[in-house]
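See structure below.
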Number of protein chains: 2
Amino acid sequence: MGATKRFIYNQSINEIANIAKVFAHPARVAILKYISEQEGCINNDLVDEIGLSQATISQHLSVIGDAGLLKGRFEGKKKCYCINIERFEEFQILLNSFFIKTKTNCC
Amino acid sequence: MGATKRFIYNQSINEIANIAKVFAHPARVAILKYISEQEGCINNDLVDEIGLSQATISQHLSVIGDAGLLKGRFEGKKKCYCINIERFEEFQILLNSFFIKTKTNCC
DNA sequence: TCGTAATATTGCAATATTACGATGATAAAA
DNA sequence: TTTTATCATCGTAATATTGCAATATTACGA
């Protein structure tokens, strides 16, 4: 009890939910917004900008990264993040098709 | 500690996160999909269809409903749900603009 | 090699979410 | 009136998420 029963849903439904989950925390939305506005980006900027601890920002970054939305490369000791546009667009399209399909079928 | 610090983000960021949260559970995605495919809908159909308990389905329905995505009316003892298309489209547009804005600013 | 800055990881406490049984309310059917 | 069906709510257990301090790791410059 308590855990999401992923196995009872089909793959495309789980996919939508997983995508949505990335955007379901304001810190992650703020991080994506901020990264998109910069030329690359470093963690410490985000700490100052957003106001969460470095550990917490790093954690959120890894959630975004695990979803495939980040390209990160080290420039010296700083890490420059960049949004993986291909993946980001994939998310956009998948979500949007869900909306369109749902609307079309609707009463 | 532990709770999301909503107050440190601006309104539009929280709005995106709140919208995403509705779709961030596969049961809610499945419910929306199913409702959209029916002429109205009742809870027990969803219980059979999805395979969660009636209480759990009802809980998810209220999350979707609190977000403003449902129009529900009773027909006798059955409750007929319908998606609130206006609100649903609003969500679609808000999410999509977030994607577009983020992409545009991106490196 | 040492010191330091940037980032990642770990461990833990606080809080939120998910799921379900039990209970209650309501309305049709018997 | 009693029964049955539908749905919401409450209480609670299991699990997940969030956030941070402490600690590691990594990479650079002196």
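Naming: A, B, ... by sequence-line order, numbering from 1 per chain. Just so you know, these numbers use all the heavy atoms, side chains as well, and skip hydrogens, waters and symmetry mates.
The side chain of B:A55 lies closest to C:dA22, out of D:dA22, C:dA22, D:dG19. Among C:dC20, D:dA21, D:dC7, the nucleotide with an atom closest to any side-chain atom of B:K79 is D:dC7. The side chain of B:T4 has D:dG19 as its nearest neighbour among C:dA19, D:dG19, D:dT15.
Counting all heavy atoms, side chain and backbone alike, A:R6 lies closest to A:N18 at NH1-OD1, 4.2 Å.
The stretch residues 81-97 of chain B participates, sequence neighbours left out, in these salt bridge (Lys or Arg N to Asp or Glu O under 4.0 Å) pairs: A:K103-B:E89, B:K71-B:E86, B:R87-B:E90.
Phosphate proximity of D:dA8 to B:Y81: present, with a side-chain N or O under 4.0 Å from OP1 or OP2. Not one side-chain nitrogen or oxygen of A:S58 sits closer than 4.0 Å to the OP1 or OP2 atom of C:dT7. Proximity of B:T56 to the phosphate of C:dC20: a side-chain N or O atom is located under 4.0 Å from OP1 or OP2. Contact check, B:H60 against C:dT17: no side-chain N or O comes under 4.0 Å of OP1 or OP2.
Put simply, NZ on B:K21 is 14 Å from C1' on C:dT18, counting in whole angstrom units. The nearest whole Å value for the distance from the CD1 atom in A:I57 to the C1' atom in C:dT9 is 16 Å. The interatomic distance linking A:D45 (CG) with C:dA6 (C1') rounds to 11 Å, in whole Å. Atom P of nucleotide C:dT7 and atom CD1 of A:I31 are separated by 12 Å, given to the nearest angstrom. Distance, A:K5 NZ to D:dA16 C1': 16 Å, rounded to whole Å. Taking atom NE2 of residue B:H25 and atom P of nucleotide C:dT17, one finds them 11 Å apart after rounding to whole Å. When rounded to the nearest whole Å, the span between CD1 of B:I64 and C1' of C:dT17 equals 15 Å. Nucleotide C:dT9 holds its C1' atom 14 Å from the CG atom of A:L61, rounded to whole Å.
A distance of 6.0 Å or more separates the ring centres of B:Y81 and B:Y34.
Backbone-only contact: A:R28 has heavy atoms under 4.0 Å from sugar-phosphate atoms and none from a base.
In this structure A:I93 satisfies the side-chain contact (heavy atoms from CB on, under 4.5 Å) test together with A:S97, sequence neighbours excluded. Residues passing the side-chain hydrogen bond (donor to acceptor under 3.5 Å, both in side chains) test with B:N10 are B:S12, sequence neighbours excluded. Under the rule for a side-chain contact (heavy atoms from CB on, under 4.5 Å), the partners of B:A24 that lie at least two apart in sequence or sit in another chain are A:A20, A:K21, A:A24. Remark: A:A30 pairs with A:I50, B:Y9, B:I13 by the side-chain contact (heavy atoms from CB on, under 4.5 Å) rule, at least two apart or across chains.
For D:dA8, its base never sits under 3.5 Å from the side chain of B:Q59 at any donor and acceptor pair. Residue A:Q54 places no side-chain atom within donor-acceptor reach of the base of C:dA6, judged by atom type and a 3.5 Å distance cut-off alone.
Closest-nucleotide positions on DNA chain D for A:V63 and B:S62 were compared, and the one nearer the 5' end corresponds to B:S62.
Aromatic ring orientation, B:F23 versus B:F88: perpendicular (interplanar angle above 60°, classes split at 30° and 60°).
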Under a cut-off of 3.5 Å for both distances of each Watson-Crick or G-U pair, what dot-bracket string does DNA chain D give, using [ ] for crossing pairs and | for inter-strand pairs? ||||||||||||||||||||||||||||||
